[in-house]
A.B. asks: 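Pasting in a structure now, in structure tokens, and then I'll have a few things to ask.
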Amino acid sequence: MTTRRYDFRSDTVTRPDAGMRAAMADAPVGDDVYGEDETVAALEAKVAELTGKARGVFLPSGTQSNLIALMSHCGRGDEFIAGQDAHAYKYEAGGAAVLGSIQPQPIENGPDGSLPLDKVAAAIKPEDIHFARTRLLALENTIGGKVLPQSYVADAVALARRHGLATHLDGARIVNAAVASNRSVKELAEGFDSVSVCLSKGLGAPVGSVLVGDADFIARARRLRKMLGGGMRQAGIIAAAGLYALEHNVARLADDHARARRLAEGLARHEALTVEMPQTNIIFLTADASVAKGFADHMAAQGILVSGRYGQQRWVTHKDIGDDAIEAVLDAAEKFFAGL
Ligand SMILES: *Cc1c(COP(=O)(O)O)cnc(C)c1O
């Protein structure tokens, strides 16, 4: 067995470094279900400030954060509009339907990740006993590593408002979006009633998300968190990692984006690979299925891990991927295609 050297499968694979572990070890803690953990409170306040919202609540995962947002905005038999490719619709095991009795209304994402607004408008149901009540528009930024155009976001939020819908942003990677677009997180969060931010993706914390919104929304979210089993006790131990990540790992996201770009440009030199140029830290490429499999196997034999199947691959850069990793992949690619 080869040792695992470079893991490009996801930005969730990062390990806490010594500074982060020290911050975790030293964190003041209390019972957060009693509201007595000052590190958790500090993290919630920091993310609320970062996003320009009144309050935040610390949660074990982005999946729980999206579910709680949906359940806090929508009741049983209500409906939310989201992208066909949205994490909250496609990659959360149908939680909104199963646990929230909330019906999804998916809409095909455009090539830039947006939901065409004419389609969104057409999907909003009028008041009629035949229909579920459309309550919420949920967007995602970044989506598939792409930053939503900010003018589109403003139009989408305005459309939702005109129809009396609440708005949620799955901002698992909103900090990547902010760094890539040279805008503040607050600007990207503007107009949304709630935003979910992941600390365990590019930011490099081992666990956790923060959901933000106004005081009433967060009060409902706290009850739902308890209901769903997400009330944690001395959670300051893990919240400290999130605080550390926000203090140390934001500016460096630009390095991940630059490395992704360099990797994409290097891989694109091989004719057999069709590479989408990345805006942030995620590269998608396609190839003939057998070539893609051979390529991934060749990489794996050298301890380079990538995700994907059926001729599609996803390469993700992150804190634990340095310049040496990019060189290793590009060298391995040269050898693979020279030998084909
Ligand atoms: C990863 C991710 C989530 C879920 O986060 P987990 O902590 O893995 O549950 C939600 N939305 C998006 C866009 C994500 O990338």
Side-chain angles (χ1 to χ4, degrees), residues 7-14 16 43 47 51 56-73 80 82-96 98-100 104 106 109 112-115 136-148 153 167-180 185 188-189 192 194-212 221 224-225 228-230 232 235 238-239 241-242 245-246 253 256-257 260 278-284 307-308 314-319:
D7 194 342
F8 288 87
R9 290 172 303 166
S10 174
D11 48 9
T12 56
V13 301
T14 59
L43 175 64
V47 179
T51 50
V57 59
F58 182 49
L59 302 166
S61 70
T63 298
Q64 191 180 92
S65 186
N66 278 333
L67 175 61
I68 287 177
L70 292 169
M71 290 176 71
S72 191
H73 287 300
F80 75 106
Q84 195 75 247
D85 298 329
H87 202 282
Y89 169 63
K90 191 173 180 183
Y91 298 102
E92 296 181 6
V98 176
L99 300 166
N109 293 86
D112 64 357
S114 65
L115 310 181
L136 176 74
L137 174 64
L139 299 183
E140 183 176 317
N141 199 10
T142 62
I143 178 157
K146 292 175 180 154
V147 183
L148 289 178
V153 171
T167 51
H168 172 66
L169 180 64
D170 179 353
R173 295 191 179 86
I174 192 173
V175 186
N176 291 84
V179 167
V185 172
L188 301 189
F192 289 97
S194 57
V195 182
S196 173
V197 180
C198 269
L199 302 161
S200 57
K201 300 279 168 83
L203 291 171
V207 61
S209 281
V210 177
L211 177 65
V212 296
L224 289 163
R225 178 179 70 168
L228 294 169
M232 299 178 285
I238 50 176
L246 289 170
L253 292 174
D256 296 344
H257 301 170
Q279 296 178 19
T280 58
N281 66 327
I282 304 179
I283 303 165
F284 288 97
S307 65
R314 189 180 81 149
W315 293 78
V316 186
T317 57
H318 51 73
K319 182 177 75 62

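Whatever order the structure lists ligands and atoms in, that order sets their numbers, starting from 1. Values below: all heavy atoms of this structure, side chains included; hydrogens, waters and symmetry mates excluded.
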A.B. asks: When rounded to the nearest 0.5 angstrom, what distance separates CE in Met71 from CG in Leu136?
C.D. replies: 13.5 Å
A.B. asks: Quick one: nearest non-hydrogen protein atom to atom 10 (C) of ligand 1, plus distance?
C.D. replies: His87 ND1, 3.2 Å
A.B. asks: Please name all residues satisfying ring-ring contact (aromatic ring centres under 6.0 Å, His included) with His87, sequence neighbours left out, ordered by chain then number.
C.D. replies: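 ring-ring contact (aromatic ring centres under 6.0 Å, His included) list for His87, sorted by chain: Tyr91.
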A.B. asks: Please check whether Thr63 reaches ligand 1 - meaning an N/O of the residue sits under 3.5 Å from an N/O of the ligand, judged on distance alone.
C.D. replies: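 Min N/O separation from ligand 1 is below 3.5 Å for Thr63.
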A.B. asks: Rounded to the nearest 0.5 Å, what's the gap from OG1 on Thr51 to CD1 on Ile174? Could you check?
C.D. replies: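 Taking OG1 in Thr51 and CD1 in Ile174, the distance rounds to 7.5 Å.
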A.B. asks: Can you confirm whether Pro106 sits close enough to Lys90 that some side-chain heavy atom of one is under 4.5 Å from a side-chain heavy atom of the other?
C.D. replies: no
A.B. asks: Between Cys198 and ligand 1, which part of the residue brings a heavy atom under 4.0 Å of the ligand: side chain, backbone, both or neither?
C.D. replies: side chain
A.B. asks: Output yes when the distance from some N or O of ligand 1 to some N or O of Asp170 is under 3.5 Å, and no in every other case.
C.D. replies: yes
A.B. asks: Answer yes or no: is there a side-chain heavy-atom contact under 4.5 Å between Glu140 and Leu169?
C.D. replies: no
A.B. asks: Who's the nearest protein heavy-atom neighbour of atom 2 (C) of ligand 1, and how far?
C.D. replies: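 Answer, as residue, atom name and distance: Lys201 NZ, 2.3 Å.
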A.B. asks: Would you mind running through ligand 1 and noting each atom that sits below 4.0 Å from a heavy atom of Asn66?
C.D. replies: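 Answer for ligand 1: 10 (C), 11 (N).
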A.B. asks: For Lys319, what residues pass the salt bridge (Lys or Arg N to Asp or Glu O under 4.0 Å) criterion, not counting sequence neighbours?
C.D. replies: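 Counting only residues at least two positions away or on another chain, Lys319 forms no salt bridge (Lys or Arg N to Asp or Glu O under 4.0 Å).
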A.B. asks: Going by heavy atoms, is Ser209 under 4.0 Å from ligand 1?
C.D. replies: no
A.B. asks: Is there a side-chain contact between Leu211 and His168 in this structure, where contact means two heavy atoms from C-beta onward sitting under 4.5 Å apart?
C.D. replies: yes
A.B. asks: Please write down residue, atom name and distance for the protein heavy atom closest to atom 13 (C) of ligand 1.
C.D. replies: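 Minimum-distance protein heavy atom for atom 13 (C) of ligand 1 reads Glu140 OE2, 3.2 Å.
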A.B. asks: Would you call Glu92 a ligand 1 contact, heavy-atom distance under 4.0 Å?
C.D. replies: yes
A.B. asks: For atom 7 (O) of ligand 1, what is the closest protein heavy atom, and at what distance to 0.1 Å?
C.D. replies: Gly62 N, 2.8 Å
A.B. asks: Got a second to check how far Phe58's CZ is from Ser209's OG, nearest 0.5 Å?
C.D. replies: 8.5 Å
A.B. asks: Which atoms from ligand 1 have a heavy atom of Ser61 less than 4.0 Å away?
C.D. replies: 7 (O), 9 (O)
A.B. asks: What part of Ala172 sits under 4.0 Å from ligand 1 if we count only heavy atoms: the side chain, the backbone, both or neither?
C.D. replies: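 The part of Ala172 near ligand 1 is the side chain, not the backbone.
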A.B. asks: Do ligand 1 and Arg173 have nitrogen or oxygen atoms that lie under 3.5 Å from each other?
C.D. replies: yes
A.B. asks: Which one holds for Ile143 and ligand 1: side chain close, backbone close, both close, or neither close, with close meaning a heavy atom under 4.0 Å?
C.D. replies: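 The answer is neither; Ile143 stays 4.0 Å or more away.
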A.B. asks: Considering the options Asn281, Thr142, Thr280, Asp11, which one meets the side-chain hydrogen bond (donor to acceptor under 3.5 Å, both in side chains) requirement together with Arg173?
C.D. replies: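 The single option meeting the side-chain hydrogen bond (donor to acceptor under 3.5 Å, both in side chains) with Arg173 is Asp11.
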